[in-house]
Amino acid sequence: MAAGFQLNNDRGELVLELGGHVLATQPLMLAKVGEIASEWAHAEAELERCLAALMDTSPERTFALLQPYRSAAATATGARALAGATLKGADLDGFNVLIDRFKNIAEERNKVQHGIWVKITSQPGKLGRVKAVDYSRFQVDILHSKNQVATAEAFAAGVTDLYDVNRLAAIVTKIQTLTVDIIQASMGYLLKSETLAKLIK
């Protein structure tokens with residue numbers, strides 16, 4: 001049995017449904033959420049490889065340096081600090097622009113991966129997303145409500161962060177584009193490093 005919350009009105013019509021299982025009611029959206037998770041793991045791996053190239057060290061060493069940073073925002077801060085020890089001027093500015101994109105896309109990804117999905121009958125083809133704290137607050141409110149249908153309808157009306165397949169697909173594309181740009185930056189740092197090594201020889 002799926003865990004979550006579902007409420008029908010007196011006519012047996014669905015008013016509101018919340019929980020992780022809700023995503024399975026939209027298979028195309030479910031697939032895109034899976035793509036977001038997979039593509040993001042690739043983007044993070046390429047960022048670590050990029051920093052390894054930048055610092056002329058091993059991926060293992062870079063991974064160890066980034067380990068203390070447990071969120072995307074903290075990883076971005078750590079990446080800036082590591083890059084700041086090596087890059088200067090326009091190169092550093094370009095890297096920071098890349099990291100700004102990483103951080104912004106991470107926020108979009110986190111909403112998808114860590115939110116609670118909501119099925120609202122007035123929004124066919126779409127699912128809402130709420131924060132875990134809002135879900136918990138609703139569960140407390142509905143438990144003490146004298147009119148659960150009215151409470152559920154009021155909650156549903158307040159869900160404004162809506163997703164459809166196109167919105168999720170756009171996030172996938174953003175992550176893929178970011179990954180390509182990180183790879184290109186890595187190649188640039190490697191080429192500069194190899195060129196410098198040849199000049200020193």
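Aromatic ring centroids of Phe138 and Phe5 lie under 6.0 Å apart.
Under the 4.5 Å side-chain heavy-atom criterion for grouping Ile, Leu, Val, Met, Phe, Trp and Tyr, Leu14 is not connected to Leu162 through any hydrophobic cluster. One hydrophobic cluster holds both Ile36 and Leu28 under the rule that ILVMFWY side chains link at heavy-atom gaps under 4.5 Å. Residue Val97 is not grouped with residue Leu47 when hydrophobic side chains (ILVMFWY) are merged at heavy-atom distances under 4.5 angstrom, including chains of intermediate members.
A salt bridge links Glu46 with Arg49: the distance from a Lys NZ or Arg NE/NH1/NH2 to an Asp or Glu carboxylate oxygen falls below 4.0 Å.
Counting only heavy atoms from C-beta outward, the side chains of Asn8 and Glu13 never approach each other to under 4.5 Å. Phe155 has its side chain out of reach of Asp141: every pair of non-hydrogen atoms, C-beta onward, lies at least 4.5 Å apart. Between Leu30 and Glu35 there is no side-chain heavy-atom pair separated by less than 4.5 Å. Taking 4.5 Å as the limit, some side-chain heavy atom of Lys111 sits within range of a side-chain heavy atom of Tyr163. Taking the side chain as every heavy atom from C-beta outward, Ile175 and Glu108 never approach each other to under 4.5 Å.
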Cut-off 3.5 Å, no hydrogens considered: what does the side-chain donor-acceptor table look like for residues 116-132, sequence neighbours left out?
unit_1	atom_1	unit_2	atom_2	d
Arg129	NE	Asp161	OD2	2.8
Arg129	NH2	Asp161	OD2	2.9

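Between atom CG of residue Leu178 and atom CG of residue Leu98 there is a gap of 6.0 Å, rounded to the nearest 0.5 Å. Distance OG1/Thr177 to NZ/Lys174: 10.0 Å, rounded to 0.5 Å. If you take CD1 on Ile99 and CD1 on Ile182, they are separated by 6.5 Å, rounding to the nearest 0.5 Å. Ile142 contributes atom CD1, which lies 12.5 Å from atom CZ of Arg137 (distance to the nearest 0.5 angstrom). Considering CG of Asn96 and CG of Leu92, their distance stands at 4.5 Å, rounded to 0.5 Å. In this structure, the separation between CG on Leu23 and OG1 on Thr25 is 7.5 Å, given to the nearest 0.5 Å.
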Exercise for the section: Please report the C-alpha distance between His114 and Arg109 in whole Å, then the side-chain angles of each, then the deciding distance to 0.1 Å, and finally whether the side chain to side chain contact (heavy atoms under 4.5 Å, CB included) criterion is met. Expected result: CA-CA 8 Å; His114 300 297; Arg109 174 261 179 194; 3.7 Å; yes
Practice task
Begin with the C-alpha distance, continue with both residues' side-chain angles, and end with the deciding distance and a verdict on side chain to side chain contact (heavy atoms under 4.5 Å, CB included) for Phe95 and Leu51.
Solution key: CA-CA 10 Å; Phe95 182 84; Leu51 287 167; 3.6 Å; yes
Handout entry: Pair Gln176-Val172, side chain to side chain contact (heavy atoms under 4.5 Å, CB included): steps then yes or no
Key = CA-CA 6 Å; Gln176 290 172 334; Val172 171; 3.7 Å; yes
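Leu7 and Gln148 get closest at one heavy-atom pair: CD2-O, 3.4 Å. When all heavy atoms of Ala152 and Leu16 are compared, the pair lying nearest together is O-CD2, 3.8 Å. Closest approach of Asn9 to Arg11, counting heavy atoms only: OD1-N, 2.9 Å. Here the shortest heavy-atom pairing between Ala43 and Thr179 reads CB-OG1, 3.3 Å.
Here the side chain of His144 pairs a donor or acceptor atom with the backbone of Val140 at under 3.5 angstrom.
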